[in-house]
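Letters A, B, ... mirror the listed sequences (proteins, then strands); counts begin at 1.
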2 protein chains.
Amino acid sequence: MSQNGVGVDLETSLGYLLKEASSALRAAMEEVLRPLGMSVTHYSCLELLAQRPGLSNSELARGAFVTRQTMNVLLQALEREGYVTRPAEAPVGKVLPTRLTHRGRRSLEKATVAVRSVEVRMLAGMTETEQSGAFRILQSMIHSLREGNDGA
Amino acid sequence: MSQNGVGVDLETSLGYLLKEASSALRAAMEEVLRPLGMSVTHYSCLELLAQRPGLSNSELARGAFVTRQTMNVLLQALEREGYVTRPAEAPVGKVLPTRLTHRGRRSLEKATVAVRSVEVRMLAGMTETEQSGAFRILQSMIHSLREGNDGA
DNA sequence: CAATCTATGTCAGAATACTGACATGAGTCA
DNA sequence: TGACTCATGTCAGTATTCTGACATAGATTG
């Protein structure tokens with residue numbers, strides 16, 4: 001087991017803690033989604049489509065933080081199984097707007113309940129003030145990290 | 001990119017934002033580590049060993065948030081390339097304490113500089129108070145998420 | 001108008017991490 | 001002591017995601 005709680009650099013690193021939190025969140029989500037036969041990326045895709053119907057493959061990929069190739073494979077599976085539909089030909093350009101089917105919507109409903117329970121649990125013990133503080137701080141981190149990628 | 005308020009609103013979800021921040025951090029780290037021919041898991045392993053020499057394969061896996069099988073494959077590669085050493089036989093039980101070689105330490109030094117620059121950038125624009133607030137909040141999330149896994 | 005640039009969808013192969021399984025060593029308990 | 005449980009290291013196969021590459025549609029620019 002962990003021999004000692006020796007406080008070293010990793011113990012005080014916000015980056016490490018961010019990774020730890022993200023890992024815990026992912027594990028918790030996988031746990032509640034597994035009984036539904038759904039992965040996190042799978043759920044993310046359906047949730048994005050519910051909130052923004054007609055999103056393209058590339059837009060879904062960016063929203064789920066995977067490559068468009070990965071999302072394409074997932075969409076083909078979801079389409080084959082009847083959870084989403086895409087037109088055979090692009091109305092404009094090459095972009096294929098994707099939509100949830102009735103089946104996809106019903107599948108998402110159960111998943112949303114499960115995922116919401118995780119989010120509620122994660123927020124337990126945090127005040128409203130702390131939650132909005134966390135929101136602001138995470139946005140600040142994202143902004144600062146992206147700055148370096150594009151600009152410099 | 002407008003959204004209608006159905007289900008879990010991704011624009012206001014702390015879970016989604018946490019995933020976004022973690023994704024941005026990972027991308028930024030990969031970018032600075034790629035020139036050094038090092039992956040994030042690779043770096044995490046070396047950093048853990050520098051701070052806690054003698055860690056076992058399983059302990060490293062937990063610290064880097066991967067399975068012990070994944071870490072084992074990585075350790076075999078690192079050992080083959082002379083970055084770490086493990087005794088041929090376990091001093092006690094089956095646990096093989098791992099240590100950095102001189103080469104491993106030198107390789108880590110460059111990586112640490114690169115990664116630190118990312119962390120500094122991430123923290124830019126945050127006050128000391130905000131940083132400790134973020135620390136406390138992330139720890140609270142982790143604690144709450146783990147609660148459900150073990151206890152219930 | 002033509003050349004160029006950017007973004008998209010998609011196929012294929014490579015890299016990475018995971019689950020399953022097995023044998024082994026250490027601690028627990030009756 | 002012997003049975004049981006737990007954690008470990010490791011091998012093998014599977015799953016998931018990524019990188020590379022290509023053709024094509026729309027926008028931009030001269």
Using whole Å, what does the distance between atom P of nucleotide dT10(C) and atom CD of Glu89(A) come to?
12 Å
What is the distance, to the nearest angstrom, from the CG atom on Leu60(A) to the P atom on dA7(C)?
18 Å
Nearest-Å distance, NZ (Lys94(A)) to P (dC11(C))?
11 Å
Would you kindly give the CD-to-P distance between Glu31(B) and dC18(D), to the nearest whole Å?
16 Å
Would you say dT17(D) has OP1 or OP2 under 4.0 Å from some side-chain N or O of Thr67(A)?
no
Round to a whole Å and report the spacing from CG of Asn57(B) to P of dT24(C).
19 Å
How many Å lie between CZ on Arg26(B) and C1' on dT17(D), as a whole number?
11 Å
In whole angstrom, give the distance that lies between atom CG of Asn72(B) and atom C1' of dA7(D).
14 Å
Phosphate OP1/OP2 of dT10(D) contacted by Arg86(B) side-chain N/O (<4.0 Å):
yes
Would you say a side-chain N or O of Ser56(A) is under 4.0 Å from OP1 or OP2 of dT8(C)?
no
Between dT17(D), dG9(C), dT10(D), which nucleotide has the shortest distance from any of its atoms to the side chain of Arg68(B)?
dT10(D)
In whole angstrom, what separates Leu96(B)'s CG from dA7(D)'s P?
18 Å
Any side-chain N or O of Thr41(B) below 4.0 angstrom from OP1/OP2 of dT16(C)?
no
Would you indicate, yes or no, if dT8(C) has its OP1 or OP2 atom less than 4.0 angstrom from a side-chain nitrogen or oxygen of Arg62(A)?
yes
Indicate, with a heavy-atom threshold strictly under 4.0 Å, whether Gln69(A) touches base, sugar-phosphate, or nothing.
base
Run Glu109(A) and Thr112(A) through side-chain hydrogen bond (donor to acceptor under 3.5 Å, both in side chains) and show every step you take.
CA-CA 5 Å; Glu109(A) 278 170 23; Thr112(A) 299; over 6 Å; no
Indicate whether the side chain of Ser44(B) and that of Thr41(B) have a donor and an acceptor atom separated by less than 3.5 Å.
no
Contacts table for residues 81-91 of chain A: side-chain donor-acceptor under 3.5 angstrom, sequence neighbours left out:
none

Does either side chain, that of Glu119(A) or that of Ser13(B), offer a donor lying less than 3.5 Å from an acceptor on the other one?
yes
Identify whether any heavy atom of Ser58(A) sits under 4.0 Å from a base atom; if not, whether one sits that close to sugar-phosphate; answer base, sugar-phosphate or nothing.
sugar-phosphate
Could you tell me whether Ser39(B) contacts a base, only the sugar-phosphate backbone, or nothing, with contacts defined as non-hydrogen atoms closer than 4.0 Å?
nothing
Which comes earlier along DNA chain D counting from the 5' end, the contact point of Val95(B) or that of Phe65(A), where each point is its nearest nucleotide?
Val95(B)
Does the side chain of Ser23(A) come under 3.5 Å of the side chain of Glu20(A) through a donor N or O and an acceptor N or O?
no
